[in-house]
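Beneath this line is the structure, given in structure tokens, with notes to follow.
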Amino acid sequence: MEIIKNYIDGTLVEPKSGAYLDNFNPATGQVYSQIPDSAEEDVNDAVKAAKLAYPSWSKTAKETRSEILAKIAMLIEKNLDRLALAESMDNGKPVSLAKQVDIPRAATNFNFFATAILHYASESHAMENGVINYTLREPIGVAGCISPWNLPLYLFTWKIAPALAAGNTVVAKPSEVTPMTAFLLSELCIEAGLPAGVLNIVHGLGNKVGAAITTHPDIPMISFTGGTATGAQIAKEAAPMFKKLSLELGGKNPNIIFADCDFEKMLQVTLKSSFSNQGEICLCGSRIFIEKPLYEKFKTAFVEATEKLKVGNPQSGDSDLGAIVSEEHMDKILSYIELAKEEGGSILAGGNRVSLSGEQEKGWYLEPTIIEGLGHECRTNQEEIFGPVVTLIPFDSEEEVIEMANSTKYGLSSTIWTKDLNTAHRVAENLHVGIAWINCWLLRDLRTPFGGTKSSGVGREGGFEALHFFTEPKNVCIKY
Ligand code: NAD
């Protein structure tokens with residue numbers, strides 16, 4: 001059984017208490033490794049190491065920082081198969097998805113910010129009479145990075161890479177549900193020659209390790225991705241300490257389908273935006289709004305295509321959906337399916353746990369589920385389920401669908417399907433979201449601002465937005 005260790009001050013160490021938590025493989029429902037059950041004292045050690053490493057790392061030439069980050073990226077690429085398998089075992093996602101998406105993106109995150117920092121420049125503002133203002137964008141200190149379980153290495157590195165590129169040192173915590181690839185990353189950082197203390201990874205529970213990071217007086221900035229309730233808790237704790245906060249939170253994204261869309265393309269992508277990664281992507285479209293003339297055609301084709309999706313062992317190449325990340329999360333999704341029935345919804349496809357045989361007998365699998373017949377204001381259509389569950393809602397007019405789409409407390413992303421460019425632009429403009437995809441989904445240019453509005457978050461990640469977050473601007477005014 002693999003024993004995960006913390007990565008503090010350049011070495012792999014046990015938690016001070018010696019206590020460990022069980023780590024499960026969702027595909028089998030069995031414990032397969034142990035995670036440090038770290039506490040405040042481990043976070044204190046990590047912060048101490050990060051503070052010690054900061055003066056040197058922040059003054060290291062950006063070219064050198066860039067080279068080290070690029071080396072980490074190269075090592076991630078070199079270990080693609082091993083990391084993809086580890087991600088799949090830890091999270092339950094199909095190994096093919098981890099190989100195509102999660103792990104390549106983790107390498108890209110390091111490469112992207114390794115090069116972005118070389119192009120990051122600051123402004124100057126000239127005044128009359130020989131006065132110039134110039135802006136220094138300086139690293140801040142020790143960054144706290146906290147990430148969730150759905151895209152474990154992908155989202156973990158999405159925070160760490162810009163923080164390090166900008167010259168900060170980092171204390172990071174991956175989700176306790178999926179800690180394995182963060183642990184493997186710490187080994188790769190040692191191999192890449194990242195100086196001791198520059199990145200520290202402390203494993204453990206949110207209310208212990210996460211809370212210790214959030215409230216530590218020597219961590220002036222927190223970059224968090226996870227649930228809205230956790231984000232609110234972090235904001236409450238960090239606000240009186242005036243920490244910089246970047247919060248990427250939950251969503252209940254609308255997928256809006258107009259009758260004039262390219263039907264085949266829309267159907268193919270809608271299957272993905274509904275059920276990829278078992279629906280456990282914050283950007284999945286869980287409320288599908290269909291213009292009435294297309295409703296029956298869409299419903300028939302979508303149900304038929306969904307029923308062909310294979311739920312199976314994440315490690316076999318032909319599984320479209322793997323296992324749900326934890327038993328607790330599976331039960332939560334099932335409880336929402338029950339709620340949908342109580343609220344008057346009809347299950348058109350799925351709705352049940354899937355029982356596999358052999359080693360996967362005790363794994364946590366769910367059928368991709370389609371529900372219709374619910375109003376947009378019921379709990380099923382307002383609360384984040386974060387699983388392979390979507391609802392179908394017909395609409396008559398553009399105004400009506402915009403109102404329904406905007407009716408939740410969330411505002412992360414949306415997808416719009418239409419051939420009419422005017423409709424597409426107008427709807428995108430009127431949706432309260434951070435990202436609107438038109439006739440596509442999940443296309444990501446890492447230079448673009450990424451984040452949500454309302455209860456989906458505060459701040460933006462991506463490109464120079466991330467480098468702005470991880471630096472403090474200082475205006476210097478000189479008269480000559
Ligand atoms: P979560 O909020 O339960 O946990 C996220 C992280 O926060 C974990 O590392 C956890 O240990 C830690 N944590 C928990 N309590 C804490 C506390 N009191 N203080 C500090 N840290 C704490 O979220 P999850 O269940 O891991 O992830 C699923 C959620 O993440 C969904 O709501 C999903 O929409 C959201 N998400 C959002 C984005 C985005 O970019 N907006 C991306 C992925 C996932």
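When a ligand or atom number is given, it counts from 1 through the structure's own listing order.
Considering Glu248, Glu384, Glu237 only, the shortest heavy-atom separation from atom 31 (C) of ligand 1 involves Glu384.
Ligand 1 is approached by Ala211 to a heavy-atom distance shorter than 4.0 Å. In this structure, Gly452 does not count as a contact residue of ligand 1, since none of its heavy atoms falls inside 4.0 Å of the ligand. A heavy-atom separation below 4.0 Å is found between Pro174 and ligand 1.
With respect to Lys208 and Asp37, a salt bridge is recorded, a charged nitrogen being found less than 4.0 Å from a carboxylate O. Ion pairing of Arg460 with Glu248 is absent here, as no side-chain N (NZ or NE/NH1/NH2) approaches a carboxylate O to less than 4.0 Å. Note on Asp45 versus Lys16: salt bridge recorded, some NZ/NE/NH1/NH2 to OD/OE distance being below 4.0 Å. We find that Glu338 and Lys341 are joined by a salt bridge, their nearest charged nitrogen and carboxylate oxygen being less than 4.0 Å apart. Taking 4.0 Å as the cut-off between side-chain N and carboxylate O, Glu461 and Lys159 count as a salt-bridged pair.
The proximity of Val209 to ligand 1, defined as any non-hydrogen pair under 4.0 Å, does not occur for either the backbone or the side chain. Under 4.0 angstrom from ligand 1, the non-hydrogen atoms of Leu155 all belong to its side chain. With a 4.0 Å cut-off on non-hydrogen atoms, Ile213 does not touch ligand 1 at all.
Below 3.5 Å of separation, one finds no N or O of Asn150 facing any N or O of ligand 1. On a distance-only criterion, Gly227 and ligand 1 share at least one N/O pair closer than 3.5 Å. For Ser147, a nitrogen or oxygen atom sits less than 3.5 Å from a nitrogen or oxygen atom of ligand 1, counting backbone and side chain alike. Below 3.5 Å of separation, one finds an N or O of Glu176 facing an N or O of ligand 1. Looking at ligand 1, you won't find any N or O of Phe386 less than 3.5 Å from one of its N or O atoms. For Pro148, no nitrogen or oxygen atom sits less than 3.5 Å from a nitrogen or oxygen atom of ligand 1, counting backbone and side chain alike.
Nearest to atom 36 (N) of ligand 1 among the protein's heavy atoms is Cys282 CB, 3.7 Å. When hydrogens are left out, the protein atom nearest atom 40 (O) of ligand 1 is Phe450 CE2, 3.3 Å; that is the closest non-hydrogen contact. The single protein non-hydrogen atom nearest to atom 41 (N) of ligand 1 is Leu249 O, 2.7 Å, given as residue, atom name and distance. Of the protein's non-hydrogen atoms, Thr230 CG2, 3.3 Å is the one closest to atom 15 (N) of ligand 1. When only non-hydrogen protein atoms are considered, atom 13 (N) of ligand 1 lies nearest to Gly206 CA, 3.4 Å. Atom 21 (N) of ligand 1 has Gly210 CA, 3.5 Å as its closest protein atom, hydrogens excluded (heavy atom only). When hydrogens are left out, the protein atom nearest atom 12 (C) of ligand 1 is Ile146 CG2, 3.7 Å; that is the closest non-hydrogen contact. Atom 24 (P) of ligand 1 has Trp149 NE1, 3.4 Å as its closest protein atom, hydrogens excluded (heavy atom only).
Ligand 1 places these atoms under 4.0 Å from at least one heavy atom of Leu412: 41 (N). Close contacts between ligand 1 and Thr214 involve ligand atoms 20 (C) [criterion: under 4.0 Å to a heavy atom]. Listed by atom number, the atoms of ligand 1 under 4.0 Å from Ser175 heavy atoms are 9 (O).
Checked against the 6.0 Å centroid criterion, the rings of Phe464 and Tyr120 qualify as a close aromatic pair. Centroid-to-centroid, the aromatic rings of Trp149 and Phe386 come within less than 6.0 Å. For His329 and Trp364, the distance between ring centers is not under 6.0 angstrom. Tyr20 has its ring centre no less than 6.0 Å from the ring centre of His203.
Side chain of Thr369 to backbone of Val389: no donor-acceptor contact under 3.5 angstrom is found. Of the possible donor and acceptor atoms, none in the side chain of Ser88 sits under 3.5 Å from a partner among the backbone N and O of Ala84. Lys5 places no side-chain N or O within 3.5 Å of a backbone atom of Thr11 that could act as its donor or acceptor partner.
Within the cation-pi definition used here (under 6.0 Å to the ring centroid, within 45° of the axis), Arg444 does not qualify as a partner of Trp437. A cation-pi arrangement is present between Lys244 and Phe469 under the rule of less than 6.0 angstrom and at most 45 degrees off the ring axis.
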